[in-house]
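By convention here, the first residue in the shown sequence is residue 1.
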Amino acid sequence: MKPQLIIFDNDGVLVDSEPTAHRVLSGYLTELGFPFTLEESYQYFLGNAARTVHTVVADRYGGTLPADFTARCHERVFTAFRKGLDAVQGASTVLTELQRRGIPYCLASSSDHAWIDLTLAQTGLRPLLPPDVVFSAQDVGGIGKPAPDLFLHAATTLGAHPRGCLVIEDSPNGVRAAKAAGMPVLGYTALTPASSLVGATSLIPHLTALLDHLDPTEPLTPGPEPRKSATPTREYGRSQL
């Protein structure tokens with residue numbers, strides 16, 4: 001396939017931020033009297049909307065989180081990121097190879113720009129992802145995945161037709177967003193079970209496997225026409241915790 005534009009998710013796809021973010025989240029919830037293991041944090045909160053944490057705590061414990069929970073959790077996560085954060089193995093190699101081949105790419109994340117900027121700076125990926133190819137749900141009024149708005153905005157801004165894009169995602173909501181946008185999507189299974197990425201066009205076990213899907217002579221097969229979201233969905237983003 002020869003895409004007009006490759007759209008990468010950030011957390012868990014380019015930046016190995018999920019273990020740190022969920023370690024902080026589960027630890028903070030436990031500290032507040034609502035115990036969650038790291039595995040349970042992944043299970044309940046990976047790629048889900050911000051309200052999910054409040055809903056799960058209420059359903060599981062009958063409790064209420066502090067009003068400033070999200071802001072304080074962000075502070076803790078950012079502090080942890082500054083102590084050390086790595087790019088996903090192969091991320092730099094793949095982006096550099098796409099540049100060599102002249103294939104346009106961008107990043108589209110439900111996380112806010114402050115989160116994205118910090119992760120790119122800490123991992124050394126910033127030179128490969130300048131601000132003009134980085135998109136946040138902030139750019140579309142805070143509407144996160146699984147709504148298609150963010151992906152459609154990225155494609156429109158960079159002059160690509162939705163059906164000519166290829167999305168790389170590792171969350172169920174990300175796959176849903178890509179499908180809703182009418183875009184083929186590769187499900188990245190390094191952290192997420194393949195069974196959770198139902199609807200993905202194909203699956204890749206590691207990031208460099210993306211390159212095996214790029215035939216410079218074969219255009220993408222058109223998918224369904226994209227649809228616009230009717231209801232704003234605000235996500236923790238792949239880890240807007």
Side-chain angles (χ1 to χ4, degrees), residues 1-15 87-88 90-111 113 116 120 125-141 143-189 197 199-229 237-238:
M1 57 180 66
K2 184 181 179 181
Q4 298 174 19
L5 176 68
I6 298 178
I7 304 177
F8 291 91
D9 179 38
N10 187 42
D11 297 289
V13 172
L14 294 176
V15 173
V88 167
S92 179
T93 298
V94 168
L95 297 179
T96 301
E97 178 62 15
L98 293 179
Q99 287 186 345
R100 189 189 71 79
R101 297 189 190 187
I103 299 176
Y105 63 81
C106 70
L107 180 159
S109 171
S110 291
S111 299
H113 279 291
I116 298 168
L120 295 181
L125 292 178
R126 177 89 273 180
L128 294 167
L129 288 156
D132 60 339
V133 296
V134 172
F135 300 92
S136 161
Q138 284 182 307
D139 303 328
V140 288
I143 301 174
K145 307 163 190 176
D149 303 56
L150 177 59
F151 288 150
L152 293 173
H153 171 67
T156 298
T157 301
L158 297 178
H161 191 283
R163 288 179 290 174
C165 296
L166 176 64
V167 176
I168 317 301
E169 268 287 355
D170 72 332
S171 76
N173 278 344
V175 170
R176 294 185 190 106
K179 300 299 287 186
M183 300 176 178
V185 53
L186 295 182
Y188 179 47
T189 61
L197 301 177
T201 308
S202 188
L203 301 173
I204 55 174
H206 49 83
L207 203 55
T208 54
L210 160 64
L211 301 175
D212 298 332
H213 288 262
L214 303 179
D215 183 342
T217 64
E218 181 183 351
L220 283 173
T221 301
E225 287 293 337
R227 65 173 176 82
K228 273 286 188 178
S229 65
R238 300 279 317 176

Kindly indicate whether the side chain of Thr96, heavy atoms from C-beta on, has any atom under 4.5 Å from the side chain of Leu128. yes
Quick one, Phe8 with Leu210, criterion side chain to side chain contact (heavy atoms under 4.5 Å, CB included). Give me CA distance, side-chain angles, the key distance, then yes/no.
CA-CA 11 Å; Phe8 291 91; Leu210 160 64; 3.6 Å; yes
Nearest heavy-atom approach of Arg126 to Pro131 is NH2-N, 3.6 Å
Tested for side chain to side chain contact (heavy atoms under 4.5 Å, CB included) against Phe135, the lone hit among Val140, Leu150, Ile116, Ile7 is Leu150
| said: Show, in sequence, the C-alpha distance, side-chain angles and deciding distance for Ser111 and Asn10, and conclude whether the side-chain hydrogen bond (donor to acceptor under 3.5 Å, both in side chains) test is met. | reply: CA-CA 9 Å; Ser111 299; Asn10 187 42; 5.8 Å; no
In short, Ala200 meets Val175 closest at the heavy-atom pair N-CG1, 3.7 Å
For residues 127-139, the side chain to side chain donor-acceptor pair (under 3.5 Å) pairs (sequence neighbours left out) are His113-Asp139
**Q.** Verdict with reasoning, Leu14 to Ile168, per side chain to side chain contact (heavy atoms under 4.5 Å, CB included)
**A.** CA-CA 10 Å; Leu14 294 176; Ile168 317 301; over 6 Å; no
* Do Tyr188 and Asp9 come within less than 4.5 Å of each other through their side chains, counting heavy atoms only? -> no
Nearest heavy-atom approach of Phe151 to Lys145 is CZ-CE, 3.8 Å
Heavy-atom nearest pair, Ala154 first then Leu5, reads O-CD2, 4.2 Å
Residues His213 and Ile204: closest non-hydrogen pair is NE2-CG2, 3.6 Å
Hey, does Leu158 have a side-chain heavy atom less than 4.5 Å from the side chain of Cys106?
yes
Tell me, do Arg176 and Lys179 make a side-chain contact under 4.5 Å, heavy atoms counted?
no
Inset, instruction - Could you tell me whether the side chain of Leu98 reaches within less than 4.5 Å of the side chain of Leu214, counting heavy atoms only? - result: yes
Check your understanding: Does Leu129 reach the side chain of Tyr105, with side-chain heavy atoms less than 4.5 Å apart?
Key -> yes
Heavy atoms of Pro148 and Ala181 approach each other most closely as CB-N, 3.6 Å
Q) Just by modelled atom types, is the Val185 backbone N or O under 3.5 Å from a matching donor or acceptor in the Thr201 side chain? A) yes
